[in-house]
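Data first, discussion second: the structure below is written as structure tokens.
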Amino acid sequence: MLDKNLLKMVLDASKPNNHIYFDVGDITKLDVECIVNAANRSLLGGGGVDGAIHRAAGPELLAECRTLGGCHTGEAKITGGYNLKAQYVIHTVGPVYDNDDPKCEKLLRSCYLSSLELAKQYDIHTIAFPAISTGVYGYPAEKAAAVALTAVGKWLSENEDYGMAVIMSCFSERMYETYQKVIRSLHS
Ligand code: APR
């Protein structure tokens, strides 16, 4: 269920230091300090954005991922970016969508919050997220967008002096429109 108060923070979160941007395109092309990978628990690569990031970063990324011992759903781990423009990749594992499992929303929210906390530990100030779990893991885009925006908005309003530019990377216009629809629903 969309929490309007939390979502309002999405707009208020754009304080002079904190901004949320949207980009339609390939996350591997973004010139940001860190891109987030929608990985699986093995952290050993896959399809979708995971495959794209590993292809663009090169084999050293997989070599470093092998040393991490996997990652639990909802948690995040960090590596170098290697051949990417991004200096870092934060790997997080989204939930496989299950309409009957209320834990899904909590785990998806945790992907965004743990990635942002990890980025702060590394003094990262520009970070791009794909629409985690909305591909292979089947999370309905509009529901996922609401979770993503409220999680990012909450974190930014709780860290308003940190100065974080968050880019929501959309692999399609459709995903971009979905984010905008969720934000517009604030005014409904
Ligand atoms: N840039 C930005 N976004 C992308 C890119 C890209 N190059 N490629 C795919 N996406 C988008 C998809 O369109 C979708 O909106 O990333 C979102 C997440 O989709 P998936 O990559 O399928 O990730 P997810 O749904 O979280 O499933 C993760 O898929 O690839 C495997 O190893 C991965 O097992 C894991 C599972």
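All ligand and atom numbering here is 1-based and tracks the order in the structure. Source: prediction; values computed, not measured.
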For [atom], which protein heavy atom lies nearest, and how many Å away is it?
{"atom": "atom 11 (C) of ligand 1", "result": "Phe171 CB, 3.9 Å"}
{"atom": "atom 25 (O) of ligand 1", "result": "Gly135 N, 2.8 Å"}
{"atom": "atom 31 (C) of ligand 1", "result": "Gly47 N, 3.7 Å"}
{"atom": "atom 22 (O) of ligand 1", "result": "Val136 N, 2.9 Å"}

**Request:** Considering only NZ, NE, NH1 and NH2 on the basic side and carboxylate oxygens on the acidic side, decide whether Glu158 and Lys154 come within less than 4.0 Å.
**Result:**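 Yes.
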
If you measure every N/O of [X] against every N/O of ligand 1, is any gap under 3.5 Å?
{"X": "Ile132", "value": "no"}
{"X": "Pro130", "value": "no"}
{"X": "Ile27", "value": "yes"}
{"X": "Val49", "value": "yes"}

Element-labelled atoms of ligand 1 that are located less than 4.0 Å from some non-hydrogen atom of [X]:
{"X": "Ser169", "result": "2 (C)"}
{"X": "Gly46", "result": "30 (O), 32 (O)"}
{"X": "Ala52", "result": "7 (N)"}
{"X": "Gly25", "result": "1 (N), 2 (C)"}
{"X": "Thr134", "result": "14 (C), 15 (O), 17 (C), 25 (O)"}
{"X": "Asp50", "result": "30 (O), 32 (O), 33 (C)"}
{"X": "Asp26", "result": "1 (N), 6 (C), 7 (N)"}
{"X": "Ala38", "result": "23 (O), 26 (O), 28 (C), 33 (C)"}

Has the side chain of [X] got a donor or acceptor atom that lies under 3.5 Å from a matching backbone atom of [Y]?
{"X": "Gln87", "Y": "Glu33", "answer": "no"}
{"X": "Asn40", "Y": "Gly45", "answer": "yes"}
{"X": "Asn18", "Y": "Gly163", "answer": "yes"}
{"X": "Ser133", "Y": "Tyr97", "answer": "no"}
{"X": "Asn37", "Y": "His91", "answer": "no"}

**Message:** With a cutoff of 4.0 Å, is Ser133 in contact with ligand 1, counting heavy atoms of the residue only?
**Reply:** yes

**Message:** In this structure, does ligand 1 have an atom that sits under 4.0 Å from one of the heavy atoms of Gly94?
**Reply:** no

Side chains of [X] and [Y]: does their closest heavy-atom pair fall under 4.5 Å?
{"X": "Phe22", "Y": "Ile183", "value": "yes"}
{"X": "Phe171", "Y": "Pro130", "value": "no"}
{"X": "Val89", "Y": "Ile78", "value": "no"}

**Prompt:** Are a donor atom and an acceptor atom from the side chains of Tyr21 and Asp23 found within less than 3.5 Å of each other?
**Reply:**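 Result is no, nothing qualifies.
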
**Message:** Looking at non-hydrogen atoms alone, which of Tyr139, Phe129, Tyr137 comes nearest to atom 35 (C) of ligand 1?
**Reply:**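 Ranked by closest heavy atom to atom 35 (C) of ligand 1, first place is Tyr137.
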
**Result of checking Thr67, Leu68, Thr92 against Leu43 for side chain to side chain contact (heavy atoms under 4.5 Å, CB included)** =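 Of Thr67, Leu68, Thr92, side chain to side chain contact (heavy atoms under 4.5 Å, CB included) with Leu43 is met by Leu68 alone.
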
**Prompt:** Taking non-hydrogen atoms only, is Ala131 closer than 4.0 angstrom to ligand 1 via side chain, backbone, both or neither?
**Reply:** both

**Request:** Given side chain to side chain contact (heavy atoms under 4.5 Å, CB included), test Lys85 with Val32 step by step and report yes or no.
**Result:** CA-CA 7 Å; Lys85 288 180 184 157; Val32 292; over 6 Å; no

